[in-house]
Amino acid sequence: MFSYISAERRVPKDHPLRAIRMMADAALQQLGRCFDAIYAANGRPSIPPEKLLRALLLQVLYTVRSERMLMEQLDYNFLFRWFVGLNIDDPVWDPTVFTKNRDRLLRGEIAEGFFKAVVEQARAQGLLSDEHFTVDGTLIEAWASHKSFQRKDHPAEHPPPDDPGNPSVDFHGERRRNDTHQSTTDPEARLARKGSGKEAKLSFAGHVLMDNRQGLGGEGLRYPGKRARRTGGGAQDGGTDSELGANHRRG
């Protein structure tokens with residue numbers, strides 16, 4: 001297929017992604033030295049970090065469930081290609097390679113730096129307040145089943161022969177606690193519940209600081225989900241929310 005119209009011209013001037021890309025590009029310019037520190041000058045070429053972060057933004061904004069589905073969208077979606085910075089004939093990346101490069105950025109705290117740079121843009125425009133904010137918490141359910149939550153002090157029993165891939169586990173009557181049990185699928189996940197009478201799930205505790213006037217997220221924290229208590233409509237963990245708000249005022 002031949003076309004004399006670029007992807008830039010095909011995207012409407014008032015499309016929301018245009019403003020988002022301008023903010024993202026300004027934040028990425030501040031992270032140039034950080035990129036140089038985690039990427040080697042030789043070896044096989046990796047995914048450009050600027051394009052990888054833009055692709056992750058699309059995954060969040062459009063609720064793309066997996067990296068594999070994201071690569072599929074990048075293969076045929078002109079809007080996604082324009083936002084990420086891919087030409088019409090550029091090949092997309094292998095999902096496994098994309099995931100490994102994403103993990104490298106997370107280990108290098110690049111994603112956190114990117115978020116902070118965007119927040120500073122909002123602060124410079126007077127969109128964040130040190131007085132009108134709310135700190136809320138919730139539980140983020142882990143991708144781990146109750147069957148994986150096993151005792152730490154001895155290995156799991158051999159699965160029954162009826163279905164070795166998905167064994168039947170009877171843990172009724174067993175006292176299961178985070179200090180004695182751990183998930184074999186996601187060791188960082190903790191057994192937690194939002195309140196009394198609610199079912200316990202393997203989860204992480206998430207805390208978000210939101211500006212009340214603009215609805216912008218100014219900071220976020222994630223912890224292994226210790227037993228949470230219900231406060232103000234969300235699952236909150238042992239003073240973490242109050243500390244997050246105090247740090248926001250001091251900042």
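Residues take their numbers from the sequence shown, with the count starting at 1.
- Closest non-hydrogen pair, Ala117 versus Gln30, comes out as CB-OE1, 3.9 Å.
- Residues Leu56 and Arg102 meet the side-chain proximity criterion, which asks for heavy atoms closer than 4.5 Å.
- With hydrogens and angles ignored, the 3.5 Å screen pairs no side-chain donor or acceptor of Thr185 with any backbone N or O of Ser183.
- With contacts defined as side-chain heavy-atom distances shorter than 4.5 Å, the pair Gln59/Glu67 qualifies.
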task: List the steps and the verdict of side-chain contact (heavy atoms from CB on, under 4.5 Å) for Val97 and Ile47.
output: CA-CA 8 Å; Val97 175; Ile47 300 176; 4.2 Å; yes
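- Closest non-hydrogen pair, Val64 versus Leu70, comes out as CG1-N, 3.4 Å.
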query: What do the steps show when you test Leu128 against Phe133 for side-chain contact (heavy atoms from CB on, under 4.5 Å), and what is the final call?
result: CA-CA 8 Å; Leu128 293 177; Phe133 64 89; over 6 Å; no
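- Atom OG of Ser203 is separated from atom CZ of Arg193 by 11.0 Å, given to the nearest 0.5 angstrom.
- Because its NZ or CZ atom is not both nearer than 6.0 Å to the ring centre of Trp82 and within 45° of the ring axis, Arg9 does not count as a cation-pi partner of that residue.
- Between Pro49 and Leu105, the closest side-chain pair of non-hydrogen atoms falls below 4.5 Å.
- Pairing each heavy atom of Ser129 with each of Asp211, the nearest pair is N-OD1, 2.9 Å.
- Residues Phe204 and Leu139 are not in side-chain contact: their nearest non-hydrogen atoms beyond the backbone lie 4.5 Å or more apart.
- Salt-bridge check for Glu8 with Arg18: passed, with a basic side-chain N closer than 4.0 Å to an acidic carboxylate O.
- With a 4.5 Å cut-off on side-chain heavy atoms, Leu191 and Arg177 do not count as touching.
- In terms of modelled atom types and a separation under 3.5 Å, the side chain of Gln121 and the main chain of Met23 share a donor-acceptor contact.
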Derivation and outcome, side-chain contact (heavy atoms from CB on, under 4.5 Å), residues Arg54 and Leu17: CA-CA 11 Å; Arg54 292 194 199 103; Leu17 282 183; over 6 Å; no
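- Atom CD of residue Gln214 and atom NE2 of residue His132 lie 11.5 Å apart, to the nearest 0.5 angstrom.
- In this structure, Glu199 and Lys201 have side chains that are in contact, with non-hydrogen atoms separated by less than 4.5 Å.
- Met22 and Val11 fall into different hydrophobic clusters, where Ile, Leu, Val, Met, Phe, Trp and Tyr residues are linked whenever their side-chain heavy atoms come under 4.5 Å apart, directly or through other members.
- Here the side chain of Ser148 pairs no donor or acceptor atom with the backbone of Ala144 at under 3.5 angstrom.
- Note: Asn101 CG to Asp94 CG = 10.5 Å, rounded to the nearest 0.5 Å.
- Trp93 places a side-chain heavy atom less than 4.5 Å from the side chain of Leu74.
- Of the possible polar contacts, none joining the Asn87 side chain to the Asp90 backbone as a donor-acceptor pair under 3.5 Å is found.
- Within a 6.0 Å sphere centred on NE2 of His15, other residues, nucleotides and ligands contribute more than 12 heavy atoms.
- Pairing each heavy atom of Tyr62 with each of Leu79, the nearest pair is OH-CD2, 3.7 Å.
- Closest heavy-atom contact between Val84 and Lys51: O-CG, 3.4 Å.
- Under 4.0 Å is where a charged nitrogen must lie from a carboxylate oxygen, and between Glu120 and Lys116 no such pair does.
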- request: Determine, step by step, whether Leu86 and Phe80 satisfy the side-chain contact (heavy atoms from CB on, under 4.5 Å) criterion, reporting the C-alpha distance in whole Å, the side-chain angles of both residues, the deciding distance to 0.1 Å, and the verdict.
  value: CA-CA 8 Å; Leu86 293 174; Phe80 279 25; over 6 Å; no
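- Here the side chains of Phe98 and Val92 are not in contact, with every heavy-atom distance at 4.5 Å or above.
- Comment: Asp75 engages Arg81 in a salt bridge, judged by a side-chain N to carboxylate O separation of less than 4.0 angstrom.
- Arg176 contributes a side-chain N or O that, together with a main-chain N or O of Phe149, makes up a donor-acceptor pair within less than 3.5 Å.
- Rounding to the nearest 0.5 Å gives a distance of 8.5 Å between CG of Leu202 and CD of Glu141.
- Atom-to-atom distance recorded for Leu58:CG and Arg21:CZ is 10.0 Å, nearest 0.5 angstrom.
- Minimum heavy-atom separation, Gln182 to Lys152: CB-CE, 3.7 Å.
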